[in-house]
Amino acid sequence: MINITFPDGNVKQYEAGVSSIDIAKSISHGLAKNVLSAKVNGEVWDATRPIEEDAALSLLTWNDDDGKNTFWHSSAHLMAEALEAIYPGTKFGIGPAIENGFYYDIDLGDRVLSTEDFKKIEDKIIELARQKNDFERKEISKADAIAYFEEKGDEYKLELLDGLTDGEITFYQQGNFVDLCRGPHIPNTEKIKAIKLMKVGGAYWRGDEKRKQLTRIYGITFPKQKELTAYLELLEEAKKRDHRKLGAELELFMFSDRVGQGLPIWLPKGNALRDRLMAFLKEEQEKRGYKLVTTPHIGKKDLYVTSGHYEKYGEDSFQPIHTPREGEEFLLKPMNCPHHCEIYAHKPHSYKDLPLRIAEFGTVYRYEQSGELHGLSRVRGFTQDDAHIFCTNDQLKEEFLNVLDLTKLVMTKMGFEQVTAQISLRDPENPSKYIGSLENWEKAERAIIEATKEVDLETVTALGEAAFYGPKLDFMVKDALGRSWQLGTIQVDYNLPERFELEYIGADNQAHRPVMIHRAPFGSMERFMSILIEHTAGKFPLWLTPEQFAILPISDKFNDYAEEVEKALAKHDIKGVIDNRSEKIGRKIRDTELKKIPFMLIIGEKEVESKMVAVRKQGEGDKGVMSVEDFAAYFKTLL
RNA sequence: GCUGGUAUAGCAUAACAGGAAGUGCACUCGAUUUGUAAUCGAGAGAUUAUCGGUUCGAAUCCGAUUACCAGCUCCA
């Protein structure tokens with residue numbers, strides 16, 4: 001008998017050789033039906049694989065990421081089986097599960113695959129799934145494995161075998177298809193009920209552009225048809241919300257070929273939105289003791305040689321600007337921190353001055369690879385809501401709390417309800433990779449961990465993900481469609497104070513080196529706004545939206561009253577527009593709805609006479625007639 | 001940056017297979033003065049991304065450039 005420990009700590013005894021699926025059956029039939037694979041002592045195994053010794057076990061289903069991975073990886077095998085059936089002689093590279101589904105890299109010889117071929121492949125996959133074949137695991141000797149793929153003529157699998165040693169090689173078979181694979185797999189193909197091939201593209205063998213280009217087919221599968229439908233609807237919705245599309249439709253921003261790739265141009269409405277975001281953050285920062293500064297867009301090359309950025313990125317970024325003066329070179333600033341370090345250094349500091357919090361909406365320029373540019377989310381010129389906090393090691397935790405509080409406020413105010421964070425710590429195995437004393441690192445890491453606990457922030461910890469200059473914390477939010485985005489960061493930096501030789505005089509009358517915190521709650525205005533546009537589908541929170549209402553007169557006769565109403569609302573700091581076209585009211589309503597302006601104030605004869613407005617809310621409809629003052633009061637309750 | 005695809009008026013698109021660049025929305029003008037998601041009519045708007053080539057003839061075929069899209073690689 002062996003002891004099986006469950007995730008809740010319960011221990012139960014089973015016969016040695018029992019499989020996870022057997023164990024699941026002993027718990028409940030329903031669970032057994034849903035088990036895709038199992039985590040055995042931290043390793044993901046086939047649910048059918050015998051367990052011979054005491055183990056910690058968690059059963060994995062569709063609700064676990066690892067369960068999904070198993071499902072999708074098995075789906076990749078099933079797709080391979082279908083491809084082999086339809087295109088005999090296909091050679092196979094690798095076929096892993098990815099975030100949403102799976103792909104398989106294949107070599108079809110001269111054949112070119114297009115989306116028109118998808119239907120027949122999908123049909124074949126479903127046909128094979130319905131054969132209800134088991135996925136069978138076989139341990140195999142290297143010699144036998146090589147013999148098998150030599151016979152089959154698959155040089156890619158042979159190359160993969162090259163890197164493996166005897167004893168760790170396994171084959172998996174379902175139906176007629178055998179693949180070299182570490183596993184694990186789902187018990188049977190019947191679980192795969194719905195398949196959609198998403199796209200086909202090229203990918204180099206082993207990601208090496210000097211090697212052969214293979215055909216990569218992406219697909220996704222589900223245990224229920226309904227889930228596939230829901231997924232496709234989600235993609236459809238995401239397409240509708242694409243910030244590039246909405247940004248053009250709502251006239252928020254544009255790009256121009258003449259201005260240059262990756263250089264966003266903010267139009268009046270987008271800029272109004274941007275301004276309101278910045279005003280909000282400025283006010284909150286002021287409350288928290290930040291000092292606002294402005295620094296130039298360029299700086300002498302020496303500045304970035306000192307900061308170390310030139311050495312690391314100089315060659316790959318915008319090249320130096322030359323002046324009439326021989327040898328003089330300036331760089332577009334890729335970061336605000338060197339300028340801020342100079343601000344710190346311009347006068348001596350006492351420990352009593354610290355922490356010093358220097359903030360700037362600083363526009364920076366980075367030469368991103370052309371293929372990387374994407375709407376507002378990846379650009380070559382962008383504005384960071386940047387700040388640098390210079391403090392002592394003992395103040396780190398307090399400052400972290402201050403920043404965490406601010407960032408959480410920003411996220412909730414923007415309507416992001418699910419905020420988590422990743423704490424990136426040093427790799428304990430490799431202490432020499434990092435600058436700064438061990439003692440300070442420990443202090444800083446402890447400060448981050450404790451601070452996140454105190455503000456009750458859900459975190460994951462990533463060892464070895466810290467920058468060489470300090471540990472960091474990245475915020476992630478989930479948007480309205482359930483997609484995760486990385487937003488602002490907080491980074492501790494021991495490097496720049498060193499390079500700029502920053503000092504303060506301590507209580508002991510000795511010079512000490514301050515520590516620096518970089519932080520940006522939004523990250524960059526551009527990227528943040530791309531996420532906000534998609535999160536809200538262009539229906540921005542009332543306090544942010546560039547046009548808060550539209551006054552729609554029923555006929556030209558009431559345009560004067562419309563102006564009166566507009567002025568009255570302006571006094572309440574509520575801003576909007578008047579649609580005074582000679583159009584029918586239905587038309588004005590339709591156009592305003594499409595512009596996603598939150599309130600429509602419809603005025604006709606009745607309203608003029610009684611000095612009222614008929615209020616209609618975007619997406620909701622008629623809200624009844626009220627006085628302008630009552631509307632203003634109602635509006636304010638919604639802010 | 002690499003691989004593949006795309007580029008027609010402000011936007012969305014049509015033009016069989018190389019043979020007169022069309023439509024809808026937006027815009028301008030006129031009529032209409034409208035009560036909760038599109039009033040009617042007229043007009044104007046194009047060097048078919050740019051440059052070069054093939055051809056009697058190019059939006060259409062070829063090459064280069066630029067931009068965009070997807071994927072790969074990257075991200076201080």
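Order of the sequence lines sets the chain letters (A, B, ...), proteins ahead of strands, with each chain counted from 1. Computed from heavy atoms alone, side chains included, the values below leave out hydrogens, waters and symmetry copies.
- Put simply, A:Lys199 has a side-chain N or O that comes within less than 4.0 Å of OP1 or OP2 on B:G71.
- B:C74 sits 50 Å from B:A21 when the P atoms are compared, rounded to a whole Å.
- Using N1 to N3 plus N6-O4 or O6-N4 for Watson-Crick, or N1-O2 and O6-N3 for G-U wobble, each under 3.5 Å, B:G43 pairs with B:C27.
- Here B:U50 presents its C1' atom at 11 Å from CZ of A:Arg258, a figure rounded to the nearest Å.
- When both pairing distances are held under 3.5 Å, B:C56 makes a Watson-Crick or G-U pair with B:G19.
- The C1' atoms of B:C75 and B:U36 are separated by 49 Å, rounded to the nearest whole Å.
- Spacing between B:U54 and B:A15 at atom P, rounded to whole Å, works out to 29 Å.
- Taking only side-chain atoms of A:Glu372, from C-beta outward, the nucleotide of B:C72, B:A76, B:A70 with the closest atom is B:C72.
- Between the side chain of A:Gln213 and the base of B:C2 there is no donor-acceptor pair of N/O atoms closer than 3.5 Å.
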When the side chains of residues 245-252 of chain A are checked against the rest of the protein, which donor-acceptor pairs come out under 3.5 Å, sequence neighbours left out?
none

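- Nucleic acid contact for A:Ala614: base, since at least one base atom lies under 4.0 Å from a heavy atom of the residue.
- For A:Arg378 against B:C74, a side-chain N or O and a base N or O form a donor-acceptor pair under 3.5 Å.
- Of the candidate nucleotides B:A70, B:G35, B:U34, B:U34 has the atom nearest to the side chain of A:Ser555.
- Contact check on A:Glu159 versus A:Lys212 returns no salt bridge, with no Lys/Arg side-chain nitrogen under 4.0 Å from an Asp/Glu carboxylate oxygen.
- At B:U34, none of the side-chain N or O atoms of A:Arg581 fall inside 4.0 Å of OP1 or OP2 (strictly under the cut-off).
- Closest to the A:Gln369 side chain, of the nucleotides B:U33, B:G1, B:G35, is B:G1.
- Residue A:Asp257 places no side-chain atom within donor-acceptor reach of the base of B:U66, judged by atom type and a 3.5 Å distance cut-off alone.
- Using cut-offs of 30° and 60° on the angle between ring planes, the pair A:His340 and A:His388 is perpendicular.
- Remark: the A:Glu607 side chain and the B:G35 base include a donor-acceptor N/O pair separated by less than 3.5 Å.
- Using a 4.0 Å heavy-atom distance criterion, A:Gly604 is classed as a base contact.
- B:C2 sits 32 Å from B:A58 when the C1' atoms are compared, rounded to a whole Å.
- Put simply, A:Tyr204 has no side-chain N or O that comes within less than 4.0 Å of OP1 or OP2 on B:C72.
- Residue A:Arg499 has no polar side-chain atom (N or O) positioned under 4.0 Å from OP1 or OP2 of B:A76.
- Side chain of A:Thr545 to main chain of A:Phe540: no donor-acceptor pair is present (N/O by atom type, distance under 3.5 Å, no hydrogens or angles).
- Rounded to whole Å, the P atom of B:G18 lies 8 Å from the corresponding atom of B:C61.
- Comparing A:Glu583 and A:Val625 against RNA chain B, the residue whose closest nucleotide sits nearer the 5' end is A:Val625.
- In this structure, of B:A70, B:C72, B:G1, it is B:G1 that holds the atom nearest to the side chain of A:Ser370.
- Below the 3.5 angstrom threshold, one finds no donor paired with an acceptor across the side chain of A:Gln261 and the base of B:U66.
- If you take CD1 on A:Ile298 and CD1 on A:Ile321, they are separated by 5.0 Å, rounding to the nearest 0.5 Å.
- Under the Watson-Crick and G-U wobble criteria, each requiring two contacts below 3.5 Å, nucleotide B:U34 is left unpaired.
- Which of B:A37, B:U33, B:G71 sits closest to the side chain of A:Ser582 comes down to B:U33.
- The closest donor-acceptor contact from the side chain of A:Arg483 to the backbone of A:His535 lies at 3.5 Å or more, if one exists at all.
- No hydrogens or angles were tested; on distance alone, a donor-acceptor pair under 3.5 Å links the side chain of A:Arg616 to the base of B:A37.
- Considering A:Tyr313, A:Tyr304, A:Tyr365 as possible partners of A:Pro334, the one that fulfils the side chain to side chain contact (heavy atoms under 4.5 Å, CB included) test is A:Tyr304.
- Phosphate contact (OP1/OP2 of B:A70, side-chain N/O of A:Tyr103, threshold under 4.0 Å): absent.
- Pairing partner, B:U48: none, since no Watson-Crick or wobble contact has both distances short of 3.5 Å.
- In this structure B:A7 sits in a base pair with B:U66, meeting the Watson-Crick or G-U test at under 3.5 Å.
- For the C1' atom pair drawn from B:U23 and B:U32, the interatomic distance equals 26 Å after rounding to whole Å.
- Of the candidates B:U3, B:A67, B:U34, B:U34 carries the atom nearest the A:Lys557 side chain, counting heavy atoms from C-beta on.
- Taking the P atom of each, B:G45 and B:G10 are spaced 12 Å apart, rounded to whole Å.
- Taking the P atom of each, B:U8 and B:U55 are spaced 28 Å apart, rounded to whole Å.
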